[in-house]
Student: 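Provided herewith is a single structure, encoded as structure tokens, for subsequent inquiry.
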Amino acid sequence: MKTVLNIALPKGRLGEKVYAMFAAAGFPCPSIEENNRKLIFENEAVGVRYFWVKPSDVAIYVEHGAADIGVAGKDILLEYEPEVYELLDLGIGKCRMAVAAPKGFTDSLDRTLRVATKFSRIAQNYYQSIGRDIDIIHLNGSIELAPILGLSDVIVDIVETGTTLRENNLEVVENIVPISARLIANKSGFQFKNAMIEKVLQSLAGRTEICK
Ligand code: PRP
């Protein structure tokens, strides 16, 4: 029986770009382009089965082996440290993780800095690396509100175009790490389906940059 590779794609705009890369690399699945609400699509002839999952859940599917490979943002990989192989930087979905604050903010070292974020681990690691004591306020979205309402002093969040910060009178204080979409693989799937995964990897790598 032909091996079928299970591939978790991040639902949304990034996912469409990712699928276009897979299709151009020789792994198309025409039914995925039909406009419907299905979540699973298979092209038996090519040996691929795609499914759309919430972007932050891709790594969970791959870590548990429900997907053999998938595409996740580096932000998610740094935050959750899933037990997966990171194979390739796809060079899309580029943005950065940054500290931002209300315009004119200056840090006063005689008190603990209050940091609002969805990315608690990334924020902890960053401030630990510079030896700054902080209190984390973990939020699930609309992080930019926190310093405006006095809930925090600064935020650690994703900045892409910078529009959200600008429109809320915030500015970047420090860049922490560049972010982009990464091809990841389940560790045992990588052994069992190695030939097929290598084929996908090599086909995609021609268009991108191998992970360091
Ligand atoms: C992210 C991030 C910022 C925004 C930055 O939010 O949290 O709010 O994008 O983009 P910009 O620099 O281009 O304005 P996202 O849309 O992913 O949703 P979220 O509020 O759920 O985090």
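Both ligands and their constituent atoms are indexed starting at 1 by order of listing. Only this structure's heavy atoms are used, side chains among them; waters, hydrogens and symmetry mates stay out. FYI, the numbering just counts along the sequence from 1.
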Student: Among all protein non-hydrogen atoms, which one is nearest to atom 19 (P) of ligand 1, and what is the separation to 0.1 Å?
Tutor: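 Looking at atom 19 (P) of ligand 1, the protein heavy atom closest to it is K118 NZ, 3.5 Å.
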Student: Right, does atom 17 (O) of ligand 1 have protein non-hydrogen atoms nearer than 4.0 Å?
Tutor: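 Given the 4.0 Å cut-off, atom 17 (O) of ligand 1 does not count as touching protein heavy atoms.
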Student: Quick check on K187: does its NZ atom have over 12 non-hydrogen neighbours (other residues, nucleotides or ligands) under 6.0 Å away?
Tutor: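 Yes.
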Student: Looking only at protein heavy atoms, which one is nearest to atom 4 (C) of ligand 1, and how far off is it?
Tutor: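 Looking at atom 4 (C) of ligand 1, the protein heavy atom closest to it is T164 OG1, 3.7 Å.
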Student: Using a strict threshold of under 4.0 Å (side-chain N to carboxylate O), is an ion pair present between D107 and R132?
Tutor: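 Looking at R132 and D107, the cut-off is met.
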Student: Charged N to carboxylate O below 4.0 Å: is that the case for R114 and D135?
Tutor: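 No, R114 and D135 are not salt-bridged.
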Student: Could you list the cluster mates of I60? Members are the ILVMFWY residues connected by side-chain heavy atoms closer than 4.5 Å, either directly or through other members.
Tutor: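 In the cluster with I60 there is nothing else; it is isolated.
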Student: With no hydrogens and no angle check, do the side chains of E33 and Y19 hold a donor and an acceptor under 3.5 Å apart?
Tutor: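 Yes, side-chain donor-acceptor contact under 3.5 Å.
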Student: Around atom OH of Y61, are there more than 12 heavy atoms of other residues, nucleotides or ligands at under 6.0 Å?
Tutor: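 Count not over threshold, so no.
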Student: Give yes if a backbone or side-chain nitrogen or oxygen of T161 is under 3.5 Å from a nitrogen or oxygen of ligand 1, and no if not.
Tutor: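 Min N/O separation from ligand 1 is below 3.5 Å for T161.
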Student: Can you check whether G141 has an N/O within less than 3.5 Å of an N/O in ligand 1?
Tutor: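 In this structure, G141 places no N or O atom under 3.5 Å from an N or O of ligand 1.
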Student: How long is the gap from CG on L204 to CD1 on I69, to the nearest 0.5 Å?
Tutor: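 Output value for this atom pair is 7.5 Å.
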Student: Would you tell me which option among I143, D157, I158 has the nearest heavy-atom contact to atom 9 (O) of ligand 1?
Tutor: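 Heavy atom nearest to atom 9 (O) of ligand 1 belongs to I158.
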Student: Using a 4.0 Å cutoff against the non-hydrogen atoms of G162, which atoms of ligand 1 qualify?
Tutor: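 Here the atoms of ligand 1 in question are 11 (P), 12 (O), 13 (O).
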Student: Could you list the atoms of ligand 1 found under 4.0 angstrom from a heavy atom of V159?
Tutor: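 The list of qualifying atoms is 12 (O).
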Student: Once you restrict to heavy atoms under 4.0 Å, what part of S142 touches ligand 1? Side chain, backbone, both or neither.
Tutor: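 Within the 4.0 Å criterion, S142 contacts ligand 1 through backbone atoms alone.
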Student: Write out the residue and atom name of the closest protein heavy atom to atom 8 (O) of ligand 1, then the distance separating them to 0.1 Å.
Tutor: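 That would be E144 OE2, 2.7 Å.
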Student: Got a salt bridge between E86 and K74, using NZ or NE/NH1/NH2 to carboxylate O under 4.0 Å?
Tutor: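 Answer for the salt bridge query: yes.
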Student: Just which atoms of ligand 1 are under 4.0 Å from any heavy atom in T163?
Tutor: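 What qualifies from ligand 1 is 12 (O), 14 (O).
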